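Okay, structure first, notes after.
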Number of protein chains: 2
Amino acid sequence: MRKTFLFMDTIFNKVDAKGRVSLPADYRAIVKEAASEIVCYRSLTSPCIEGCLEDLLEKLAQDMENSLDFFSQEQDDLTNLIFGDAKRQTFDSTGRIMLSEKLLKHADITDCAVFVGKGRKFQIWNPENWKKEEERIRAEVLKKRPSLKTPGEAK
Amino acid sequence: MRKTFLFMDTIFNKVDAKGRVSLPADYRAIVKEAASEIVCYRSLTSPCIEGCLEDLLEKLAQDMENSLDFFSQEQDDLTNLIFGDAKRQTFDSTGRIMLSEKLLKHADITDCAVFVGKGRKFQIWNPENWKKEEERIRAEVLKKRPSLKTPGEAK
DNA sequence: AAAAATCCCATGATATACCATAGGCATAAA
DNA sequence: TTTATGCCTATGGTATATCATGGGATTTTT
């Protein structure tokens with residue numbers, strides 16, 4: 001039995017005419033072992049779909065409860081947005097989930113999608129948008145940490 | 001049972017046409033005893049592949065979770081970059097792992113590779129590139145710490 | 001009834017598991 | 001010291017299982 005439940009890797013999958021996508025096999029294995037369910041919602045910050053185990057949202061709710069800012073407007077808004085948007089995603093015997101119109105539209109996904117692991121969470125992107133986003137992030141990270149630059153890369 | 005799990009030594013192995021490489025026996029022993037799995041990803045800093053136990057990434061995920069800004073941009077970026085690139089590497093009964101095209105290309109590896117121990121992590125290099133890198137590192141160290149010079153070596 | 005969602009089967013591609021061989025290193029034997 | 005023996009590792013090849021994906025049938029919803 002595995003000890004860790006981390007979503008990793010970047011997987012490209014097709015979305016068929018009915019809006020079905022194969023959840024990557026690795027992700028399915030996690031869901032199965034964790035005995036929890038996948039929950040998806042529109043990312044608050046990016047044009048992509050975000051997914052995680054229901055456990056994580058449970059933890060989020062808990063943290064909010066215990067937080068000092070229990071009545072803060074900000075947290076209220078955040079929880080509203082997330083929990084109001086989130087939806088459990090079941091998958092069929094071949095491991096496909098159905099993405100709703102709302103989600104697909106938010107991420108601008110039509111016929112193909114990229115799953116990007118984020119540890120406890122994962123994201124689903126329009127492949128082209130992800131490519132740009134990845135480049136942006138790489139540039140950003142290297143800018144903040146110039147010492148990380150590849151030796152010899154004069155860039 | 002051993003208490004420490006450190007990757008050490010420098011091992012040269014062949015990569016076959018399918019991208020398979022034998023994980024050095026010592027490394028395999030660590031994986032087995034730690035009851036964790038190997039995870040590989042493109043190094044952020046060098047043209048090489050980096051590997052570690054999944055536990056290490058688990059720890060990273062934990063730190064992220066416990067940090068205050070659950071929704072911070074910076075964390076988002078980092079997790080995307082690291083977990084999006086990482087991949088669990090299982091090995092077959094003879095101890096080989098499969099390196100993806102993406103990884104091989106990043107490290108410029110074709111038919112042979114060098115495993116370099118780095119303690120909690122290890123790296124996989126193109127042998128020629130590693131040779132140069134090692135020389136660079138040696139020179140760097142000597143430059144910064146002249147006192148390390150072999151006694152008798154006149155400056 | 002129409003539309004949508006869910007389920008099930010079939011298929012090709014690909015990664016994974018397994019089997020076989022050869023070479024090296026260390027210990028045991030001479 | 002030299003030779004023989006056996007185990008372990010690396011490596012090549014092959015078979016098998018798994019996965020992504022298309023299409024159709026069945027059920028549920030409205």
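In what follows, chains carry the letters A, B, and so on, assigned in the order in which the sequence lines appear, proteins first and then strands, with residues in each chain numbered from 1. FYI, side chains are in, hydrogens and waters are out, and symmetry mates aren't considered; it's all heavy atoms of this structure. Fair warning: this is a prediction, and the values are worked out from it, not measured in the lab.
- Here the side chain of B:N126 pairs no donor or acceptor atom with the backbone of B:A107 at under 3.5 angstrom.
- Contacts of residues 94-102 of chain A with DNA chain C (heavy atom under 4.0 Å): A:T94, A:R96, A:M98.
- One atom, CD1 of B:I11, and another, P of C:dG24, lie 17 Å apart when rounded to the nearest Å.
- Between A:I124 and A:V114, every side-chain heavy-atom pair lies at or beyond the 4.5 Å cut-off.
- Taking atom CG on B:D26 and atom C1' on D:dC8, their separation rounds to 12 Å, with Å as the unit.
- B:H106 places no side-chain N or O within 3.5 Å of a backbone atom of B:I49 that could act as its donor or acceptor partner.
- Within the nucleic acid shown, B:L23 comes within 4.0 Å of sugar-phosphate atoms alone, with no base atom in reach, counting heavy atoms only.
- Here A:N13 lies in heavy-atom contact (under 4.0 Å) with sugar-phosphate atoms only.
- Among D:dG22, C:dC7, C:dA17, the nucleotide with an atom closest to any side-chain atom of A:K18 is C:dC7.
- A:D92 has its CG atom 13 Å from the C1' atom of D:dC19, to the nearest Å.
- Under 3.5 Å, the side chains of B:D55 and B:S36 contain a donor-acceptor pair of N or O atoms.
- Between the CZ atom of B:R20 and the P atom of D:dG13 there is a distance of 9 Å, rounded to whole Å.
- For the pair A:Y27 OH and D:dA20 P, the interatomic distance rounds to 11 Å; values are reported in whole Å.
- One atom, CZ of B:F91, and another, P of C:dC18, lie 13 Å apart when rounded to the nearest Å.
- Following rounding to the nearest Å, B:D111 (CG) and D:dG12 (P) show an atom-to-atom distance of 10 Å.
- Shortest non-hydrogen contact noted between A:C112 and A:F12 is CB-CZ, 3.6 Å.
- Between the CG atom of A:D16 and the C1' atom of D:dC19 there is a distance of 15 Å, given to the nearest Å.
- A donor-acceptor contact shorter than 3.5 Å links the side chain of A:Q89 to the backbone of A:M98.
- Remark: aromatic rings of A:F7 and A:Y27 are close, center separation under 6.0 Å.
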